[in-house]
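Here's the structure, in structure tokens; my notes come after.
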Number of protein chains: 2
Amino acid sequence: MASHGARGRSGGRPTLEEVAARAGVGRGTVSRVINGSPRVSDATRAAVEAAVAELGYVPNTAARALAANRTDAIALVVPEPETRFFAEPYFSDMLRGVGAELSDTEMQLLLIFAGSDRERQRLAQYLAAHRVDGVLLVSVHADDPLPDLLAQLEIPAVISGPRSATETLTSVDSDNYGGGRSAVEHLLSRGRRKIAHITGRLDVYGAQRRVDGYRDALRDAGRQVDELLIEPGDFTEEGGRRAMTTLLARHPDLDAVFAGSDVMAAGARQVLREAGVRIPDDVALVGYDDSAIARHMDPPLTSVRQPIEEMGRAMIDLLLTEIADRRPAMSRGLERRHAVLSTELEVRASS
Amino acid sequence: MASHGARGRSGGRPTLEEVAARAGVGRGTVSRVINGSPRVSDATRAAVEAAVAELGYVPNTAARALAANRTDAIALVVPEPETRFFAEPYFSDMLRGVGAELSDTEMQLLLIFAGSDRERQRLAQYLAAHRVDGVLLVSVHADDPLPDLLAQLEIPAVISGPRSATETLTSVDSDNYGGGRSAVEHLLSRGRRKIAHITGRLDVYGAQRRVDGYRDALRDAGRQVDELLIEPGDFTEEGGRRAMTTLLARHPDLDAVFAGSDVMAAGARQVLREAGVRIPDDVALVGYDDSAIARHMDPPLTSVRQPIEEMGRAMIDLLLTEIADRRPAMSRGLERRHAVLSTELEVRASS
DNA sequence: ATCACTGGTGGGAGCGCTCCCACAGTACCT
DNA sequence: AGGTACTGTGGGAGCGCTCCCACCAGTGAT
């Protein structure tokens with residue numbers, strides 16, 4: 001008898017059963033009320049809600065997770081060391097959008113860093129244990145095995161910045177192609193004739209798309225694309241400097257530069273300065289990301305802004321849909337969805 | 001590794017029971033192996049481990065949480081909007097320490113922001129549901145109800161920066177008193193005679209302690225403490241400017257200023273500049289926090305560094321101890337522990 | 001009158017684990 | 001010989017929930 005139901009009024013947390021007894025209904029009915037099922041009469045619902053309030057009942061998540069086979073949690077996985085996470089406003093903006101969109105739901109967000117091998121090991125274990133219902137993946141490199149792992153474990157996932165044109169995961173992206181186009185179109189409209197492009201790392205799909213936008217904008221304006229005006233960078237300031245140096249040596253008469261990121265634009269600006277080139281008088285400069293750097297540069301940098309916060313929201317929307325879709329039946333016609341949000345050109349003094 | 005073998009029946013994840021069958025032992029024995037109990041013979045342990053590997057068994061956390069009444073997760077609660085979290089390196093350093101210390105354990109870290117009322121509401125629900133085994137509290141204001149809520153729910157918690165000398169929660173702090181002392185002693189040793197102090201918000205315990213250190217350092221050096229040399233700030237740049245303006249008007253002949261934060265020191269510096277006061281020639285300046293601001297100021301700012309990362313580690317240590325202590329018996333002599341880590345003065349050109 | 005239905009409801013049967021008691025085996029005392 | 005004290009081990013009894021089937025009115029159609 002000691003081990004049996006001697007816990008009626010003890011200090012422990014109330015259970016569904018106790019709420020049911022208090023409300024004079026069955027366990028199933030309380031469960032329905034808690035989960036917002038419509039199949040409950042108003043009177044019963046009110047009685048149950050009263051009992052819940054009186055007892056201060058809070059559902060036991062572990063029990064629910066076990067019985068229903070879901071966790072009500074999703075993970076935002078950042079395959080980078082924490083340092084970068086804090087350094088780049090990208091993540092902070094993304095997190096804001098994600099948090100906002102999630103605040104209407106019961107879902108809990110986990111932030112997981114997987115920069116080191118050790119951390120990745122832990123993450124793999126974590127995912128294998130199905131401790132989350134879905135995963136948000138940001139900043140993934142082309143050769144990352146994480147997406148495959150997620151597919152194999154059949155965990156719903158949404159990636160920001162698809163890895164290629166044939167991304168298998170549901171993805172959210174900003175319109176890198178359109179962003180590249182708009183930068184170049186802007187420069188053309190300002191009367192620039194010889195526009196160079198410093199690209200990002202070309203194993204990043206988005207960087208490629210910006211190059212595509214650059215090419216097509218010129219082509220559609222009836223210009224010929226001079227491949228020697230396209231110089232690869234690597235998203236770093238140093239890379240921007242190197243590329244600019246090369247370009248300047250090759251084409252001393254260029255009159256505009258479109259850099260694939262603000263950071264690279266900052267590097268380019270230094271080189272231009274040192275060469276005595278005036279911005280924007282001699283050379284117009286346009287960056288990408290519209291980061292703090294752009295606003296604080298001298299002169300302030302025209303830059304392509306991505307709606308990062310909105311991307312965060314969109315990722316959550318897609319992920320929740322995918323989780324919900326998977327719930328009733330494991331099959332279903334899984335057509336992958338890809339959202340693309342448009343960018344905006346922020347025009348400043350540098351162009 | 002050989003992954004999926006001929007798994008039980010369905011395609012689902014293997015359970016303890018299946019591992020037990022495969023290894024030819026009972027459920028209890030597998031559980032003991034999984035949980036590292038010493039009461040298992042080497043032969044049996046090996047057999048179980050083999051079965052685990054073959055089946056790719058990963059424990060079901062929900063089931064474990066339900067049965068054992070623990071979650072193996074702790075929360076880092078930041079009662080601030082996310083914006084501040086990203087803006088201040090304090091959090092990033094803290095998180096690094098916490099993450100490092102946690103990486104040896106099975107514990108999962110959750111990051112929870114509770115800046116808005118809405119978010120706090122959710123947090124309260126979350127804690128009431130006991131979804132974490134313990135809580136790390138950073139940056140808590142004196143009148144915050146959160147600590148009481150935690151106490152009431154009997155959730156182990158560690159606070160960084162105790163709210164008062166009689167903090168009821170286990171706490172980790174840096175030696176604000178010693179830090180204040182060392183700043184003043186340094187200025188005295190440099191021959192400064194009239195040292196002003198711009199304090200932080202005095203409802204923050206740490207700020208008070210820095211004032212105490214300021215006072216005692218002067219006193220112990222045989223100086224009299226002039227209360228008019230102590231001017232309250234509020235940790236902001238603007239507050240630093242205001243305080244400096246007041247002080248300068250009151251004591252045009254002061255030759256040193258100890259600011260309770262780098263940010264306030266930056267504000268003070270502006271006022272001194274505008275007044276034509278040279279740093280350090282006319283007035284020596286010392287800040288607190290040793291943040292990026294200090295390193296980049298002109299001239300570089302002498303500042304008191306707090307071992308924030310180490311504080312993060314200490315918080316985890318204390319929290320894990322507290323969680324472990326609570327496990328066997330809910331009673332036990334709960335003596336509160338308070339760790340205080342020492343600071344270090346980083347001397348630069350401003351003093 | 002019977003036969004569908006419908007909206008509501010109760011409660012059994014698990015989910016996969018930990019806890020703990022029972023008990024076999026061995027070893028070392030009286 | 002029996003007693004005592006271990007070390008290992010198996011498995012029953014839950015943990016608190018969700019799912020789902022059974023069931024009970026009522027309501028209208030037949």
Side-chain angles (χ1 to χ4, degrees), chain A residues 1-8 10 12-48 52 55 57-72 106 128-131 133 327-329, chain B residues 7-10 12-21 23-48 52 55 57-72 106 128-131 133 327-329:
Chain A
M1 68 147 238
S3 59
H4 222 45
R7 61 184 311 293
S10 75
R13 296 164 51 197
T15 69
L16 246 205
E17 193 94 45
E18 286 163 27
V19 174
R22 175 106 189 190
V25 301
R27 229 175 43 248
T29 301
V30 177
S31 177
R32 265 166 292 224
V33 172
I34 299 293
N35 293 290
S37 157
R39 311 198 144 296
V40 181
S41 72
D42 290 347
T44 309
R45 180 183 307 279
V48 170
V52 165
L55 297 176
Y57 171 75
V58 178
N60 179 319
T61 5
R64 171 177 288 172
L66 179 60
N69 195 32
R70 64 196 163 94
T71 63
D72 291 326
E106 297 281 80
H130 285 262
R131 292 187 67 167
D133 293 340
R327 222 93 103 176
Chain B
R7 187 161 290 166
R9 352 147 260 273
S10 64
R13 296 161 52 195
T15 68
L16 247 204
E17 194 92 45
E18 285 164 28
V19 173
V25 300
R27 228 172 47 247
T29 301
V30 177
S31 177
R32 267 167 293 231
V33 171
I34 299 294
N35 293 289
S37 157
R39 312 197 143 297
V40 180
S41 72
D42 291 347
T44 308
R45 180 182 310 277
V48 171
V52 165
L55 296 175
Y57 171 75
V58 178
N60 179 320
T61 6
R64 171 178 288 173
L66 179 59
N69 196 30
R70 65 196 163 93
T71 64
D72 292 325
E106 298 280 79
H130 285 261
R131 292 187 68 166
D133 292 340
R327 222 93 105 174

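Because only heavy atoms are used, hydrogens play no part in the values below, and waters and symmetry mates are left out as well, while side chains stay in. Labels below follow one simple rule: chain letters A, B, ... track the order of the sequence lines, proteins then strands, and each chain is numbered from 1.
Considering only side-chain N and O atoms, Ser31(A) lies under 4.0 angstrom from the phosphate OP1 or OP2 of dT18(D). Between Ser41(B) and dG8(D) there is no side-chain N or O to OP1 or OP2 distance below 4.0 Å. Between dT9(C) and Thr44(A), a contact under 4.0 Å exists linking OP1 or OP2 to a side-chain N or O.
Comparing Ile34(B) and Val25(A) along DNA chain C, the residue whose closest nucleotide (by nearest heavy atom) sits nearer the 5' end is Val25(A). Nearer the 5' end of DNA chain D, as judged by each residue's closest nucleotide, is the contact made by Leu66(B), out of Gly28(A) and Leu66(B). Where Ala68(B) and Val30(B) each meet DNA chain D at their nearest nucleotide, the meeting point lying more 5' is that of Val30(B).
The side chain of Thr29(B) sits closest to dT9(D) out of dC17(C), dT18(D), dT9(D). Among dT18(C), dC17(D), dC17(C), the nucleotide with an atom closest to any side-chain atom of Tyr57(B) is dC17(C).
Within the 4.5 Å cutoff, the side chain of Arg64(B) has heavy atoms near those of the Asn35(B) side chain. By the 4.5 Å heavy-atom criterion applied to side chains, Arg70(A) and Asp72(A) are counted as neighbours. When side chains are defined from C-beta on, Ile34(A) counts as touching Val52(A), because their heavy atoms get closer than 4.5 Å. Counting only heavy atoms from C-beta outward, the side chains of Asn60(A) and Thr15(A) never approach each other to under 4.5 Å. Looking at Arg32(B) and Arg45(B), their side chains never come closer than 4.5 Å, going by heavy atoms from C-beta outward.
With rounding to whole Å, Asp72(A) atom CG is found 12 Å from dT18(D) atom C1'. Following rounding to the nearest Å, Arg32(B) (CZ) and dT18(C) (C1') show an atom-to-atom distance of 11 Å. Atom CG of Asp133(B) and atom P of dT18(C) are 14 Å apart (whole Å). Rounding to whole angstrom units, CZ of residue Arg39(A) and C1' of dT18(D) are separated by 16 Å. As rounded to whole Å, 15 Å separates atom P of dT9(C) from atom CG of Asn35(A). If you measure from atom CG of Asn60(A) to atom P of dC15(C), you get 18 Å, rounded to the nearest angstrom. Distance, Arg27(B) CZ to dG14(D) C1': 11 Å, rounded to whole Å. In this structure, CG of Asn69(A) is placed 10 Å from P of dC19(D), rounded to the nearest angstrom.
Among the protein residues, Thr61(A) comes within range of no part of the nucleic acid, since none of its heavy atoms lies under 4.0 Å from any strand.
Counting distance only, with no hydrogens placed and no angle test, the side-chain atoms of Arg45(B) and the base atoms of dG8(D) include no donor-acceptor pair under 3.5 Å.
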